[in-house]
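Everything on this sheet refers to the single structure shown next.
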Amino acid sequence: MIHRYFPHTKQEIDTMLKRCGVTSLDDLYADVPQELRLEKAYDLPAEMSEKEVRDYFDRLGSRNRRLTCFAGAGFYDHYTPSVIPALISRSEFLTAYTPYQPEISQGTLQYIFEYQSMMATLTGMEVSNASMYDGTTATAEAMMMAVAHARRRNRVLVSATLNPATRRVVETYARYHGVTVDIIAEDPQLGVTSRADLEAKLAEGNVAGVILPTPNFYGILEDLTGIADLCHANKALLILNTIPSALGVIRTPGSWGADIAVGDGQSLGMPLSYGGPYLGFICCSKALIRKMPGRIVGATKDADGQRVFVLTLQAREQHIRRDKATSNICSNQGLMALYATIYLAVMGADGLRRINEESYAGAHWLMEQLTATGKLTPAYPDSPVLNEFVMTSRVDIDELIARCIAEGILPGVKIAPDRILIAVTEMQSRADMERLVKIVDAL
């Protein structure tokens, strides 16, 4: 069996097979049961010219419907400045994997350093790592940081108002690491974490960390006053899961006294793109820096006094410490970290503030108009929201969603038989919102 694209001569292949103690490539698969082997030719389409391939995918793409998106639930439709795809598509960025050799990867190291600096500033924390796969795994890794810091305590409290998808990943990590996860109840009237239940669960002891959201899954801005002191008095770390774009206007995890800030960087202009690629971030206090997975890039000066960048901390990773590593994550979402860095540099503090102001104004106007139809009412009217809110429906939710999709609108995310979660960003115009209100009013 000769493969056309293997860069080896028959003599080289025979030499390697002999070293392995077999006579053919088929022998290498002797342990695979016969019933699992493919006994027929691969079902591959005929070859196409370049134009035919492009035409084929154009036809496939034309079958997609582009909807005006009012869905959120952790991932948001934000504008992507055109400078970002133009820059990250440059070969030195697009093909760069990881900066193992500081002498020849100063560009990569510099943008990771800038990313860390920006994320630390945005979250109000002291340090940031060089990114994670996504927000769910970043939250789970933060849980493991808390357990490692606590040493003999292996219980973590997680708010019921945290995104359910994130909770499931945290619970999966916990199951295979011997960590006990207890859910803090929510206040059913306000849609926020029950402080009374949090205090009761902390009093039971053995708590390594507490994970709370800001904003929470319902889009509500929870009042976290005194929570950090409460956690620290019980020798537990406070972990806040947050939406980075919202930090342009809301209180930062650092200002709340959090020990660790985590979340997904998707809201920093990354296209929804059917689920990725996205970016997880972890920021923490300096006291926890050696418990944090991933790597840290630092700035220094060389022998000539020039500013240079180095991998300051990476000995916690799998490729160095094997089973003793802090985490099995030994690479970072480098390209997406660059994406976030360019986005933050382009938008600046004023830009972030402006998109949040537009999103806030749009969300509250839409909530009022939907309420006026008599078909939807705010589920938590007494709780503050930024740009996302829950509505209780007097009409069938599935029918509402189907009718809106037929009119080119994705109205939100169904989170209960009679509740829908709706998000507004700078991407939805007043005309788009008026169309949504008109459809709901006609139900």
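The figures that follow rest on heavy atoms only: side chains count, while hydrogens, waters and symmetry mates do not.
Between the side chain of Arg394 and the backbone N or O of Lys375 there is no donor-acceptor pair closer than 3.5 Å. In this structure, the side chain of Ser128 does not engage the main chain of Ala120 through any donor-acceptor pair within 3.5 Å. The closest donor-acceptor contact from the side chain of Tyr115 to the backbone of Gly334 lies at 3.5 Å or more, if one exists at all. In this structure, Asp77 contributes its side chain and Thr425 its backbone to no donor-acceptor pair below 3.5 Å. Between the Glu426 side chain and the Tyr79 main chain, a donor and an acceptor come within less than 3.5 Å of each other. Formation of a donor-acceptor pair under 3.5 Å by the Arg251 side chain with backbone atoms of Thr214 is not found in this model. In this structure, the side chain of Arg153 engages the main chain of Lys235 through a donor-acceptor pair within 3.5 Å. For Asn154 (side chain) and Val179 (main-chain N/O), no donor-acceptor pair under 3.5 Å exists by modelled atom type. Between the side chain of Ser267 and the backbone N or O of Tyr76 there is no donor-acceptor pair closer than 3.5 Å. For Glu222 (side chain) and Thr193 (main-chain N/O), a donor-acceptor pair under 3.5 Å exists by modelled atom type.
Between the side chains of Ser359 and Asn356, not a single donor N or O lies within less than 3.5 Å of an accepting N or O.
Of the options Ile88, Leu338, Leu335, a side-chain contact (heavy atoms from CB on, under 4.5 Å) to Leu94 is made by Leu335 and by none of the others.
For the pair Asn64/Tyr274, a side-chain contact is recorded, criterion being any heavy-atom separation below 4.5 Å from C-beta on. Contact check for Arg403 versus Asp396: no side-chain heavy atoms found under the 4.5 Å cut-off. In this structure, Lys414 and Leu400 have side chains that are not in contact, with every pair of non-hydrogen atoms separated by 4.5 Å or more. At least one side-chain heavy atom of Arg435 sits under 4.5 Å from a side-chain heavy atom of Thr68. The shortest side-chain heavy-atom distance between Thr136 and Asp134 falls under the 4.5 Å cut-off. Residues Ile220 and Thr161 are not in side-chain contact: their nearest non-hydrogen atoms beyond the backbone lie 4.5 Å or more apart. Tyr339 places a side-chain heavy atom less than 4.5 Å from the side chain of Thr80. Within the 4.5 Å cutoff, no side-chain heavy atoms of Val262 are placed close to those of Met132.
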Take Asn163 and Asn241 through the test side chain to side chain contact (heavy atoms under 4.5 Å, CB included) and record every step on the way to the result. CA-CA 9 Å; Asn163 190 310; Asn241 180 291; over 6 Å; no
Ile405 and Leu410: CA distance, side-chain angles, deciding distance, side chain to side chain contact (heavy atoms under 4.5 Å, CB included) verdict: CA-CA 6 Å; Ile405 289 177; Leu410 183 60; 4.2 Å; yes
Step by step, would you call Leu352 with Leu344 a side chain to side chain contact (heavy atoms under 4.5 Å, CB included)? CA-CA 8 Å; Leu352 284 180; Leu344 289 171; 3.9 Å; yes
Val210/Ile227 under side chain to side chain contact (heavy atoms under 4.5 Å, CB included): CA gap, chis, key distance, verdict: CA-CA 10 Å; Val210 175; Ile227 294 293; 5.5 Å; no
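In the displayed structure, Glu92 atom CD is contacted under 6.0 Å by more than 12 heavy atoms of other residues, nucleotides or ligands. The environment of CZ in Arg151 is sparse: at most 12 heavy-atom neighbours from other residues, nucleotides or ligands sit within 6.0 Å. Within a 6.0 Å sphere centred on CZ of Arg37, other residues, nucleotides and ligands contribute more than 12 heavy atoms. Applying the 6.0 Å contact sphere to NE2 of His78 captures more than 12 heavy atoms from other residues, nucleotides or ligands.
Below 30°, between 30° and 60°, or above 60°: for His364 and Tyr360 the angle between ring planes is between 30° and 60°, a tilted geometry. Between Tyr278 and Phe75, the ring-plane angle classifies as parallel under the 30° and 60° cut-offs.
A salt bridge is absent between Arg353 and Glu357: the closest approach of a Lys/Arg side-chain nitrogen to an acidic carboxylate oxygen does not fall below 4.0 angstrom. The existence of a salt bridge linking Glu407 and Lys438 is excluded, since no basic side-chain nitrogen approaches an acidic carboxylate oxygen closer than 4.0 Å. Using a cut-off of 4.0 Å between Lys/Arg side-chain N and Asp/Glu carboxylate O, Arg354 and Glu358 are scored as salt-bridged. Look at Asp197 and Lys201 and you find a salt bridge, because one of the NZ, NE, NH1 or NH2 atoms lies within 4.0 Å of a carboxylate O, short of that distance.
The nearest pair of heavy atoms linking Pro244 to Met119 is CB-CE, 4.5 Å. The two residues Ile409 and Ile439 have their closest heavy-atom pair at CD1-CD1, 4.1 Å. For the pair Tyr343 and Gly269, the tightest heavy-atom approach, listed with the atom from each and the gap, is CE1-CA, 3.5 Å. Residue Arg295 comes nearest to Gln116 through the heavy atom pair O-OE1, 3.7 Å, listed as atom of the first residue, atom of the second, then distance. Between Ala379 and Thr392, the shortest heavy-atom contact is CB-OG1, 3.5 Å. Pairing each heavy atom of Gly205 with each of Arg155, the nearest pair is O-NH1, 2.7 Å.
In this structure, Leu162 CG and Asn216 CG are separated by 9.0 Å, a value rounded to the nearest 0.5 Å. With values rounded to the nearest 0.5 angstrom, Leu198 atom CG is found 4.5 Å from Leu202 atom CG. Remark: Asp55 CG to Glu52 CD distance equals 8.0 Å, nearest 0.5 Å. Remark: Ile415 CD1 to Asp418 CG distance equals 9.5 Å, nearest 0.5 Å. How far CD of Gln110 is from OG of Ser117: 10.0 Å, rounded to the nearest 0.5 Å. Taking CD of Glu141 as the start and CD1 of Ile282 as the end, the distance is 6.0 Å to the nearest 0.5 Å.
Relative to the ring axis of Tyr380, Arg419 places its NZ or CZ within 45° and under 6.0 Å from the centre.
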